[in-house]
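Data first, discussion second: the structure below is written as structure tokens.
Per chain, numbering begins at 1; letters A, B, ... match sequence-line order. Everything numeric in this text was worked out from a predicted model, so none of it was measured.
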Protein chains: 2
Amino acid sequence: MPGPRHRRTAQRARASALQPQLRISFKKSIAMGPGKADLLDAIDATGSISAAARKLGMSYRRAWLLVDTMNECFKAAVVETLTGGAQGGGARVTDFGHDIVRRYREMSRKAAASVAREMSEFATLMVR
Amino acid sequence: MPGPRHRRTAQRARASALQPQLRISFKKSIAMGPGKADLLDAIDATGSISAAARKLGMSYRRAWLLVDTMNECFKAAVVETLTGGAQGGGARVTDFGHDIVRRYREMSRKAAASVAREMSEFATLMVR
DNA sequence: CTACGTTATACACGATTAAATATAACGCAG
DNA sequence: CTGCGTTATATTTAATCGTGTATAACGTAG
């Protein structure tokens with residue numbers, strides 16, 4: 001007797017796992033998403049791209065590319081950097097960047113709230 | 001002296017480029033997103049995974065993996081398949097699958113509508 | 001029985017992506 | 001001047017992803 005064809009890995013569905021993700025695409029790249037917002041927070045907290053990358057467990061190169069993508073997508077710089085100096089340099093989220101993150105997070109919150117009921121119903125249709 | 005600022009028709013920022021994408025993640029995989037919804041539509045229209053893949057310009061393997069991911073993520077099958085027979089077999093979106101797509105599309109629409117104003121404001125902050 | 005088109009799977013190959021490593025420029029501390 | 005940590009970039013290496021190809025099982029038509 002053959003077993004079920006599709007085995008399902010036991011997995012509890014955490015509420016956060018079912019949160020809708022808001023991503024703002026621009027041409028082929030993603031201008032803003034949850035990962036980039038977190039990176040900007042980490043740059044705020046640490047004062048440098050490299051420290052933010054370490055904090056988030058990603059490579060410096062990857063963090064730098066994410067910053068570069070953001071700076072390319074928006075009208076103005078989201079992150080400003082300095083080289084040299086006492087700490088070797090650093091990075092800083094601009095006022096414009098803070099505004100971008102604030103707007104993004106507000107849109108995410110609002111969009112998620114608008115479908116909160118539907119999402120929780122949807123969640124009941126997924127493997128628990 | 002810059003030349004005439006021509007309207008960049010080729011890369012004009014279409015509204016869809018800035019539309020938020022709703023993706024419903026589950027564990028590490030994406031249970032439902034715009035691509036998977038389109039695939040289910042194509043399976044509806046063609047009656048098979050392979051024809052749907054051809055219609056969407058993707059490999060059969062990729063389409064099959066997307067279907068498999070969906071079937072794994074949800075409580076019940078989203079797509080049912082048959083092998084053999086007059087047409088060699090085929091695939092069919094289940095009633096459950098239709099319900100999933102309907103719910104997903106409704107959530108997408110509602111979420112996008114809820115932040116439509118904020119999105120258009122946000123768009124003005126991006127490179128034109 | 002044979003042919004056909006599809007599902008389901010496996011494998012090889014290339015493309016894309018990410019990480020790891022290396023290096024130069026920078027500017028201040030010492 | 002030298003050392004340090006950072007930015008920015010290039011190069012190499014590894015991992016992931018996607019396609020293409022191949023094959024077996026399947027069930028109906030002919």
Side-chain angles (χ1 to χ4, degrees), chain A residues 1-9 23 25-31 33-36 38-40 42-73 77-94 97, chain B residues 23 25 27-31 33-36 38-40 42-73 77-94 97:
Chain A
M1 167 119 187
R5 244 181 137 59
H6 293 288
R7 284 192 310 139
R8 284 162 174 165
T9 60
R23 288 182 163 182
S25 305
F26 184 68
K27 288 173 188 171
K28 278 299 160 189
S29 50
I30 297 173
K36 289 191 173 75
D38 289 346
L39 177 58
L40 293 184
I43 291 172
D44 258 334
T46 62
S48 80
I49 296 174
S50 58
R54 287 192 294 270
K55 183 177 184 178
L56 298 183
M58 70 175 73
S59 65
Y60 169 78
R61 174 180 161 78
R62 176 161 165 72
W64 184 87
L65 285 175
L66 294 177
V67 168
D68 190 57
T69 296
M70 287 187 276
N71 281 341
E72 292 288 324
C73 284
V78 170
V79 170
E80 282 174 347
T81 60
L82 287 175
T83 60
Q87 281 75 30
R92 162 184 171 272
V93 179
T94 63
Chain B
R23 289 181 165 185
S25 305
K27 195 187 170 188
K28 281 299 165 191
S29 51
I30 297 173
K36 289 192 173 74
D38 289 346
L39 177 59
L40 293 184
I43 291 172
D44 258 335
T46 62
S48 80
I49 296 175
S50 58
R54 286 193 295 270
K55 183 176 183 178
L56 298 182
M58 70 176 70
S59 64
Y60 169 77
R61 173 182 161 79
R62 176 163 166 70
W64 184 88
L65 284 176
L66 294 177
V67 168
D68 190 57
T69 296
M70 287 187 277
N71 281 342
E72 293 286 328
C73 285
V78 170
V79 171
E80 281 174 348
T81 60
L82 287 175
T83 61
Q87 281 76 30
R92 162 183 170 273
V93 180
T94 63

Quick check: does any side chain N or O of [X] sit under 3.5 Å from a backbone N or O of [Y], one acting as donor and the other as acceptor?
X: B:Thr81; Y: B:Gly90; value: no
X: A:Thr46; Y: A:Ala51; value: no
X: A:Ser50; Y: A:Tyr60; value: no
X: A:Lys36; Y: A:Ile30; value: yes
X: A:Asn71; Y: A:Ala77; value: no
X: B:Ser29; Y: B:Ala31; value: no

Exercise for review: Please list residues of residues 80-87 of chain B whose heavy atoms come under 4.0 Å from any atom in DNA chain D, ordered by number; otherwise none.
Suggested key: B:Thr83, B:Gly84, B:Gly85, B:Ala86

Check your understanding: So which of residues 47-55 of chain A are in contact with DNA chain D, with a heavy-atom cut-off of under 4.0 Å?
Key -> A:Ser48, A:Ile49, A:Ser50, A:Arg54

Report the distance from atom [atom1] of [X] to atom [atom2] of [N], rounded to the nearest whole Å.
X: B:Tyr60; N: C:dA10; atom1: OH; atom2: P; value: 13 Å
X: B:Trp64; N: C:dT7; atom1: CH2; atom2: P; value: 11 Å
X: B:Leu66; N: D:dC17; atom1: CG; atom2: P; value: 12 Å

For nucleotides 17-19 of chain C, tabulate all protein N/O to nucleotide N/O atom pairs closer than 3.5 Å, reporting atom names and distance.
| unit_1 | atom_1 | unit_2 | atom_2 | d |
| --- | --- | --- | --- | --- |
| C:dA19 | OP2 | A:Ser59 | OG | 3.1 |

Point to revise | Stepwise side-chain contact (heavy atoms from CB on, under 4.5 Å) test for A:Asp44 and A:Arg92 | key: CA-CA 6 Å; A:Asp44 258 334; A:Arg92 162 184 171 272; over 6 Å; no

**Study point:** Option among A:Ile49, A:Val93, A:Val79, A:Leu66 that satisfies the side-chain contact (heavy atoms from CB on, under 4.5 Å) test with A:Leu39
**Key:** A:Leu66

Practice item. Report the distance from atom OG1 of B:Thr69 to atom NZ of B:Lys28, rounding to the nearest 0.5 Å. Key: 14.5 Å

Review point. Any side-chain heavy atom of A:Ile43 within less than 4.5 Å of one from A:Val67?
Key: yes

